[in-house]
There are 2 protein chains.
Amino acid sequence: MSLTEAKQNPDTRERILDAAEALFVEHGFEATTMRLITGRAGVNLAAINYHFGSKEALIQDVFRRRLTWLNEARLSALERFEKEARGAPLKPHQIVEAFFGVSLRMAADTEHGGHTFMRLLGRTYTEPSAFVRQFLADEYAAVVPRFKQALFRALPDVPPEEILWRFHFMLGAMSYAIAGTDALQLVAEHELDEKDPEALSRRLMPFLLGGLRAPLAGQAVKAKEKTPRKAA
Amino acid sequence: MSLTEAKQNPDTRERILDAAEALFVEHGFEATTMRLITGRAGVNLAAINYHFGSKEALIQDVFRRRLTWLNEARLSALERFEKEARGAPLKPHQIVEAFFGVSLRMAADTEHGGHTFMRLLGRTYTEPSAFVRQFLADEYAAVVPRFKQALFRALPDVPPEEILWRFHFMLGAMSYAIAGTDALQLVAEHELDEKDPEALSRRLMPFLLGGLRAPLAGQAVKAKEKTPRKAA
DNA sequence: GCTCGTTTCAAACGACCGTTTGAATGATAC
DNA sequence: GTATCATTCAAACGGTCGTTTGAAACGAGC
């Protein structure tokens, strides 16, 4: 079995991927057993090892199935803006839209599993497992530098490393918002509109932009601060 | 190794808690086995079940050991500001300081394990396990409503549910910043100052405040926005 | 000396893990 | 029908999991 294998398969592969995706969100990778997955998918236990080779390979395929498309969408959104700009630096909100807007739109798709996947992806950014982290880094290798560069050009007055940190902060805010575990039950009583994904985008994007464009720590803060804790 | 020196019993409980805390950060709850913990702690395998009862109970004690103190520190910081304000609403930056500033200061303590714990805590906000989520919710039950109220008073013009969402976003940004897995290796080449926890606070706090005070989606954005994507 | 309650220890327990096996099944082409 | 191939299936594999056990070691009081 070499190149001809991935040709025709009934829906067994897809059903395994769907079941695994949902269960990984519910219980995490470790706690999701092969028997749980095959049970929900309605296939034989051995099907996973037959079709994917191992549990690790299954995990990677669960991500690959959607992440490749997502990153291509992010890149093409960025390129569309860059084409419009004709060499001029992009606006910060365009870059944020290209990366996070596209992501949020995928998270809004509850019918084809995009929502489930984005919850999984958000949760996985904090995954300790080494091979998952390495895999994610590889998948993002083509995307991250492009967005880095765009942000550097868009914010020439902000130190590059500060920009990278803020990108990191934005990623964290979005991931939590989508993963939406809400461990602290902050928004427990408003669960209704949590289901409205368009609303999430309307809430999150201003927050991200506000954070990205916030004045730096050293800059004047209108002399509001009375007790400088350590004199930066 | 140095079993001759460790013959004395420097509180087996604490050594187990320390080892477990570090290993949970490294590998997560599921992948951290009792044998790994007792091995690193230099105690017998049965010691965990003897001193804590079960693995679940150990996990809860790992959190309780520091989280109770942390939440009390958050509350007392808030109360100190409220005392100063003499009934007037607090400034947003004071509330953010009371909650996130205190957290970041604990994360800055690399000597007594505060840093390790905050990484664990940040990662755990996305933990799928039901009993961990319930436990966290209980631990925060006394803290969250107080900060909610303070924020509502501080930002009377912002809809309450919007404030809760932004609190959620801030929590996400901080958690990622501290957990700091950096799956996308955004700041890989700047790992040096990642170790400086004071720098993290200087970077994160402006971001959080910028996001918290950002104009709402419906409000005017200085006519910068040219392509209203959906006309909120 | 001995007792008693606490803590440590090596060994084992049953359950469940991911994976493998070899036979049964199904579809396709001759 | 027969041969060929991919797929499914029940059953079992060796390991590792969290937990339990009963005995050994320890320390304080007498």
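Values below: all heavy atoms of this structure, side chains included; hydrogens, waters and symmetry mates excluded. Proteins come first, then strands; the chains are lettered A, B, ... in the order of their sequence lines, and each starts at number 1.
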Between CD1 of B:Ile16 and P of D:dG18 the distance, given in whole Å, is 14 Å

In whole angstroms, the gap separating P of D:dT7 from CZ of A:Arg13 amounts to 10 Å

* To do: Just do the salt bridge (Lys or Arg N to Asp or Glu O under 4.0 Å) check on A:Glu162 and A:Arg166 with the steps written out, would you?
  => CA-CA 6 Å; A:Glu162 190 74 35; A:Arg166 293 194 170 184; 3.8 Å; yes

Under 3.5 Å, N/O pairs linking protein and nucleotides 17-24 of chain C:
residue	atom	partner	partner atom	Å
C:dG18	OP1	A:Lys55	NZ	2.7
C:dG18	OP2	A:Met34	N	2.9
C:dG18	N7	A:Arg35	NH1	2.9
C:dG18	O6	A:Arg35	NH2	2.9
C:dT19	OP2	A:Asn49	OD1	3.4
C:dT19	OP2	A:Lys55	N	2.9

Exercise for the section: Respond yes when some side-chain nitrogen or oxygen of B:His51 is under 4.0 Å from OP1 or OP2 of C:dT8, and no when none is. Expected result: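 So the side-chain polar atoms of B:His51 do come within 4.0 Å of the phosphate oxygens OP1 or OP2 of C:dT8, strictly under.
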
Open item on the list: Does the plane of the ring in A:His168 sit parallel, tilted or perpendicular to the ring in B:Tyr176? Use 30° and 60° as the thresholds.
Closed with: perpendicular

- Cationic N near anionic O, under 4.0 Å, A:Arg146 to A:Glu82: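 Salt bridge flag = yes for A:Glu82 with A:Arg146.
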
Q | B:Arg74 side chain vs B:Ala98 backbone, donor-acceptor pair below 3.5 Å | A |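 No, B:Arg74 side chain to B:Ala98 backbone: no donor-acceptor pair under 3.5 Å.
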
Are B:Glu26 and B:Arg40 close enough, and set up right, to give a salt bridge (Lys or Arg N to Asp or Glu O under 4.0 Å), and what steps lead you there?
CA-CA 13 Å; B:Glu26 273 181 55; B:Arg40 176 177 291 204; 3.1 Å; yes

